[in-house]
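The next block holds one structure in the form of structure tokens; read it before the comments.
Basis for what follows: all heavy atoms, side chains included, without hydrogens, waters or symmetry-related copies.
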Amino acid sequence: MSDCSRTLDDVKTLLRAFNDTDPQQTKKLYDSWAETYDQDLDLLNYRAPHLAVDFMDDNFPGAREEVQVLDVACGSGLVAKLMVELGFRHFVGVDCSKGMLDQAAKTGRYQDLRLALLGSDPLPAQTGVFDVVIMVGGLDAGFAPVSVVRELCHAAKPGGFVCMARGDHRGSPSEDYGKDLQRELQLMEDEGLWSPAGHKRTLRYMQDPYLSGESIQDLLPEERFLSGTVYLYQKSIQ
């Protein structure tokens, strides 16, 4: 149920109160957030789903209608909504939050929805099945461990694509996570598991929820946003 009285300050207060690197606490946050999640992301100018889907679509060859998509950290289904508009039809969603999966189920876009806390639970997906594996958000401290990117790769079929979007969140845990992620991505490339199909940097991934007060007034519009990156890999044929 939407709440038209909610403001950007309400959303920032919610996210600033959440300062935990425990995935169990992350799960609780998203369970409690599910009802107003979509409208809150609009308030935050959360552009990650659009950035990831558009970049993946620009680089994906062939028809979309029969493509099998695994949407990891699917949340309420924002990625599937955008992909349906581009002709994709077949989706399996995975998320740690039952509340979010309930919202995703209401959209009617997913053929299957699976509950899993990544890192604690294995990714509930068959190996080598999906034409596209996409994960928008979730690659940060307190969410999915860096090791999940190997599971994303395993789920893709040979020649399939793995698309990931990650914001440059502030603080040492997130910065350390980002360094570990870069090492893992490069290691998987060195091992021949996949090859880069492109990446895209953006200065407007989402509004920075940790900015508040008078300091915002002195910032340029771009400085009020977190930057981010969309990564696209193609799984090796062999």
Side-chain angles (χ1 to χ4, degrees), residues 1-3 6 10-44 46 48-49 52 69-81 91-107 109-125 133-152 154-155 162-178 180-181 184 205-210 226 228:
M1 181 181 299
S2 63
D3 181 354
R6 286 180 71 80
D10 292 331
V11 185
K12 288 184 174 183
T13 298
L14 170 70
L15 293 179
R16 285 197 296 267
F18 173 73
N19 184 20
D20 204 302
T21 57
D22 179 0
Q24 290 289 348
Q25 295 302 314
T26 302
K27 176 181 178 296
K28 291 180 181 179
L29 167 69
Y30 282 89
D31 278 337
S32 65
W33 195 9
E35 291 290 333
T36 61
Y37 182 73
D38 287 7
Q39 72 177 100
D40 287 355
L41 293 191
D42 284 341
L43 292 170
L44 281 170
Y46 184 64
V69 180
L70 179 65
D71 183 5
V72 181
C74 65
S76 60
L78 296 176
V79 165
K81 177 183 178 181
F91 300 92
V92 173
V94 177
D95 203 272
C96 71
S97 165
K98 177 66 164 54
M100 287 294 181
L101 291 178
D102 288 344
Q103 296 299 314
K106 293 176 184 178
T107 70
R109 299 186 181 100
Y110 293 87
Q111 285 70 54
D112 195 7
L113 289 164
R114 303 170 184 175
L115 183 67
L117 183 62
L118 300 179
S120 298
D121 304 320
L123 181 65
V133 179
I134 187 165
M135 184 174 184
V136 176
L139 290 173
D140 207 355
F143 293 83
V146 166
S147 60
V148 77
V149 296
R150 287 184 179 264
E151 296 184 86
L152 304 182
H154 293 328
V162 179
C163 182
M164 300 164 286
R166 180 179 186 271
D168 300 324
H169 298 280
R170 304 185 192 280
S172 296
S174 183
E175 292 171 3
D176 291 342
Y177 185 104
D180 290 342
L181 177 63
E184 185 71 353
Y205 184 88
M206 64 180 288
Q207 284 204 47
D208 187 345
Y210 298 99
L226 296 175

Contacts of Tyr177 that satisfy ring-ring contact (aromatic ring centres under 6.0 Å, His included) - sequence neighbours left out
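In terms of ring-ring contact (aromatic ring centres under 6.0 Å, His included), with neighbours along the sequence ignored, Tyr177 is linked to no residue.
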
Taking all heavy atoms of [X] and all of [Y], pick out the closest pair and write down the distance.
| X | Y | value |
| --- | --- | --- |
| Gly138 | Phe143 | O-CB, 3.1 Å |
| Ala52 | Ala165 | CB-CB, 4.0 Å |
| Leu117 | Cys96 | CD1-CB, 3.7 Å |
| Ala116 | Pro124 | CB-CD, 3.6 Å |

From [atom1] ([X]) to [atom2] ([Y]), nearest 0.5 Å:
| X | Y | atom1 | atom2 | result |
| --- | --- | --- | --- | --- |
| Met206 | Leu41 | CE | CG | 7.5 Å |
| Ser76 | Glu35 | OG | CD | 11.0 Å |
| Phe91 | Lys81 | CZ | NZ | 13.0 Å |
| Glu175 | Asp140 | CD | CG | 10.5 Å |

Quick one: list whatever passes side chain to side chain contact (heavy atoms under 4.5 Å, CB included) with [X], sequence neighbours left out.
| X | answer |
| --- | --- |
| Ala155 | Leu70, Leu123, Ala125, Phe130, Val133 |
| Arg150 | His154, Glu184, Leu187, Met188, Glu191, Leu193 |
| Asp168 | Arg166, Arg201, Ser227 |
| Pro49 | Tyr46, Leu78, Val79, Leu82, Val136 |

N/O donor-acceptor pair under 3.5 Å between Thr26 side chain and Gly142 backbone |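 Such a contact is found between Thr26 side chain and Gly142 backbone.
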
Main-chain N/O of Arg170 paired to Ser174 side chain as donor or acceptor, under 3.5 Å: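 It does not hold such a pair.
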
Fill in: Stepwise side chain to side chain contact (heavy atoms under 4.5 Å, CB included) check, Cys74 with Tyr110
CA-CA 10 Å; Cys74 65; Tyr110 293 87; 3.7 Å; yes

Report task. Classify the ring geometry between Tyr30 and Trp33 as parallel (under 30°), tilted (30 to 60°) or perpendicular (over 60°). Result ->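 The arrangement is tilted - the two ring planes meet at 30° to 60°.
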
Just jot down the salt bridge (Lys or Arg N to Asp or Glu O under 4.0 Å) partners of [X], sequence neighbours excluded, or say none.
| X | value |
| --- | --- |
| Asp112 | Arg114 |
| Arg109 | none |
| Asp102 | Lys98 |
| Asp176 | none |

* Asked: Does the side chain of Leu226 reach to within under 4.5 Å of the side chain of Pro209, using non-hydrogen atoms?
  ->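 Contact flag for Leu226/Pro209 side chains = yes.
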
**Student check: side-chain heavy atoms of Arg6 and Asp40 closer than 4.5 Å** =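 Of all side-chain heavy-atom pairs linking Asp40 with Arg6, at least one is under 4.5 Å.
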
Self-check item: side chain to side chain contact (heavy atoms under 4.5 Å, CB included) between Tyr37 and Met100, worked out
Solution: CA-CA 9 Å; Tyr37 182 73; Met100 287 294 181; 3.1 Å; yes

Just one of Val92, Ile134, Leu118, Leu139 clears the side chain to side chain contact (heavy atoms under 4.5 Å, CB included) bar with Val72, so which one?
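When side chain to side chain contact (heavy atoms under 4.5 Å, CB included) is applied between Val72 and each of Val92, Ile134, Leu118, Leu139, only Leu118 qualifies.
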
ask   = Between Val149 and Met135, is a side chain to side chain contact (heavy atoms under 4.5 Å, CB included) present by the stated rule, with each step listed?
value = CA-CA 9 Å; Val149 296; Met135 184 174 184; over 6 Å; no

- Query: Does Asp95 have any side-chain hydrogen bond (donor to acceptor under 3.5 Å, both in side chains) partners at least two apart in sequence or in another chain, and if so, which?
  - Reply: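 For Asp95 there are no side-chain hydrogen bond (donor to acceptor under 3.5 Å, both in side chains) partners, ignoring immediate neighbours.
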
Inset, instruction - Only counting residues at least two apart or in another chain, list the ones meeting side-chain hydrogen bond (donor to acceptor under 3.5 Å, both in side chains) with Asp10. - result: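 Testing Asp10 for side-chain hydrogen bond (donor to acceptor under 3.5 Å, both in side chains), a comparison that skips the adjacent residues, returns Thr7.
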
